[in-house]
A.B. asks: 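Please see the structure below; I have some questions.
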Amino acid sequence: MTDTTPTPAEDVVVQMADVHAGYLPGVNILNGANLTARKGELIGIIGPNGAGKSTLLKAMFGMVKVRSGSITLNGESIVGLKADKLVSRGVGFVPQTNNVFPSLSIEENLQMGLYQKPKVYAERLEFVTGIFAELGGRLKQRAGSLSGGERQMVAMCRALMMDPSVLLLDEPSAGLSPVRQDDAFIRVSDINKAGVTTIMVEQNARRCLQICDRGYVLDQGKDAYEGPGRDLLNDPKVIALYLGTLGAEEDAA
Ligand SMILES: Nc1ncnc2c1ncn2[C@@H]1O[C@H](COP(=O)(O)OP(=O)(O)OP(=O)(O)O)[C@@H](O)[C@H]1O
Ligand SMILES: [Mg+2]
């Protein structure tokens with residue numbers, strides 16, 4: 001199912017249309033994926049393991065070969081651009097793992113995020129520590145000495161330093177304890193409430209759909225369902241296919 005809601009072109013930040021992409025010759029992982037993110041939206045992407053969720057984010061960040069289809073950012077094609085160009089155009093990407101420089105301090109990690117625009121450091125630092133206040137007092141601490149949840153915060157802050165048009169997050173809650181997972185979702189919400197258009201891939205489908213404006217269910221490299229997060233949460237087909245186990249876990253808790 002594709003999103004057919006008419007949208008004024010100026011409101012569209014990211015538009016992905018009929019994207020086919022893959023790593024190996026002749027093997028496509030994305031098989032006609034579509035996605036639209038409008039200004040200020042929080043978009044959630046869920047789906048089974050191996051569905052191509054990470055690949056979809058990587059396609060937006062130039063890390064997998066896009067064979068056909070289009071990806072635009074603020075109306076301009078970003079297909080084929082290298083990471084540094086994508087960052088300067090306004091794409092912020094937080095991969096699931098290895099997303100901080102462990103031997104550098106928090107402050108140095110944030111500076112690395114802003115190497116293209118060092119003059120606005122103070123202003124951007126104020127923005128990110130406004131959301132992640134606990135990092136502000138610990139800027140000299142080595143990122144490698146932080147907990148998983150704290151590293152995730154540093155990684156998000158680093159991507160936010162460039163004031164991106166869109167922030168791409170690959171499983172911000174992965175590997176965290178339940179309490180920390182909750183915190184991660186609250187932080188993603190806070191980032192979005194601060195005005196950042198955000199696209200988040202998540203394993204914790206239920207929680208993701210609860211906080212996102214719109215969600216996409218990705219299956220075998222294609223968007224199988226799309227709609228407001230709450231609608232997907234209550235859609236019997238989505239529940240049966242993708243939320244069933246999680247629902248059972250929650251009921252049992
Ligand atoms: N670098 C790569 N080279 C070849 N194949 C890859 C590569 N990365 C991913 N794949 C394949 O692409 C498919 C989709 O992987 P992807 O990581 O996008 O799935 P996912 O939906 O993010 O899964 P998960 O929920 O487990 O994170 C998988 O079959 C995977 O083996
Ligand atoms: Mg993944």
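For reference, positions follow the sequence shown, starting with 1.
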A.B. asks: Should the pair F61 and F93 be assigned to parallel (<30°), tilted (30 to 60°) or perpendicular (>60°) ring geometry?
C.D. replies: tilted

A.B. asks: Check A155 against V100 and note the closest heavy-atom contact, atom names and distance.
C.D. replies: N-CG1, 3.8 Å

A.B. asks: Below 4.0 angstrom, N of the basic side chain to O of the carboxylate: do D231 and R214 qualify?
C.D. replies: no

A.B. asks: Which pairs count as salt bridge (Lys or Arg N to Asp or Glu O under 4.0 Å) when at least one residue sits in residues 136-149, sequence neighbours excluded?
C.D. replies: E107-K140, R138-E150

A.B. asks: Within a 6.0 Å radius of atom NZ on K65, are there more than 12 heavy atoms belonging to other residues, nucleotides or ligands?
C.D. replies: no

A.B. asks: Going by atom types only, do S54 and Q96 share a side-chain donor-acceptor pair under 3.5 Å?
C.D. replies: no

A.B. asks: Between D219 and Y242, is there a side-chain donor-acceptor contact under 3.5 Å, judged purely by atom types and distance?
C.D. replies: yes

A.B. asks: Working to the nearest 0.5 Å, report the span between CZ of R151 and OG1 of T97.
C.D. replies: 11.0 Å

A.B. asks: Looking only at non-hydrogen atoms, find the nearest pair between A17 and N34 and report the distance.
C.D. replies: CA-OD1, 3.5 Å

A.B. asks: So which atom in L232 and which in G227 form the shortest heavy-atom distance, rounded to 0.1 Å?
C.D. replies: CD1-O, 3.8 Å

A.B. asks: Among side-chain atoms of N74 and S165, is any donor-acceptor pair under 3.5 angstrom?
C.D. replies: yes

A.B. asks: Where do R207 and D182 land on the salt bridge (Lys or Arg N to Asp or Glu O under 4.0 Å) test, with the steps shown first?
C.D. replies: CA-CA 8 Å; R207 197 75 182 85; D182 251 12; 3.1 Å; yes

A.B. asks: Show me, pair by pair, the donor-acceptor contacts under 3.5 angstrom made by side chains of residues 77-90, not counting sequence neighbours?
C.D. replies:
residue: S77; atom: OG; partner: V79; partner atom: N; Å: 3.3
residue: S88; atom: OG; partner: D84; partner atom: O; Å: 3.3
residue: S88; atom: OG; partner: K85; partner atom: O; Å: 3.0

A.B. asks: Let me know which of Q210, Q181, E171 forms a side-chain hydrogen bond (donor to acceptor under 3.5 Å, both in side chains) with N204.
C.D. replies: Q181

A.B. asks: Using only heavy-atom distances, determine whether the side chains of Q15 and T36 contain a donor-acceptor pair under 3.5 Å.
C.D. replies: yes

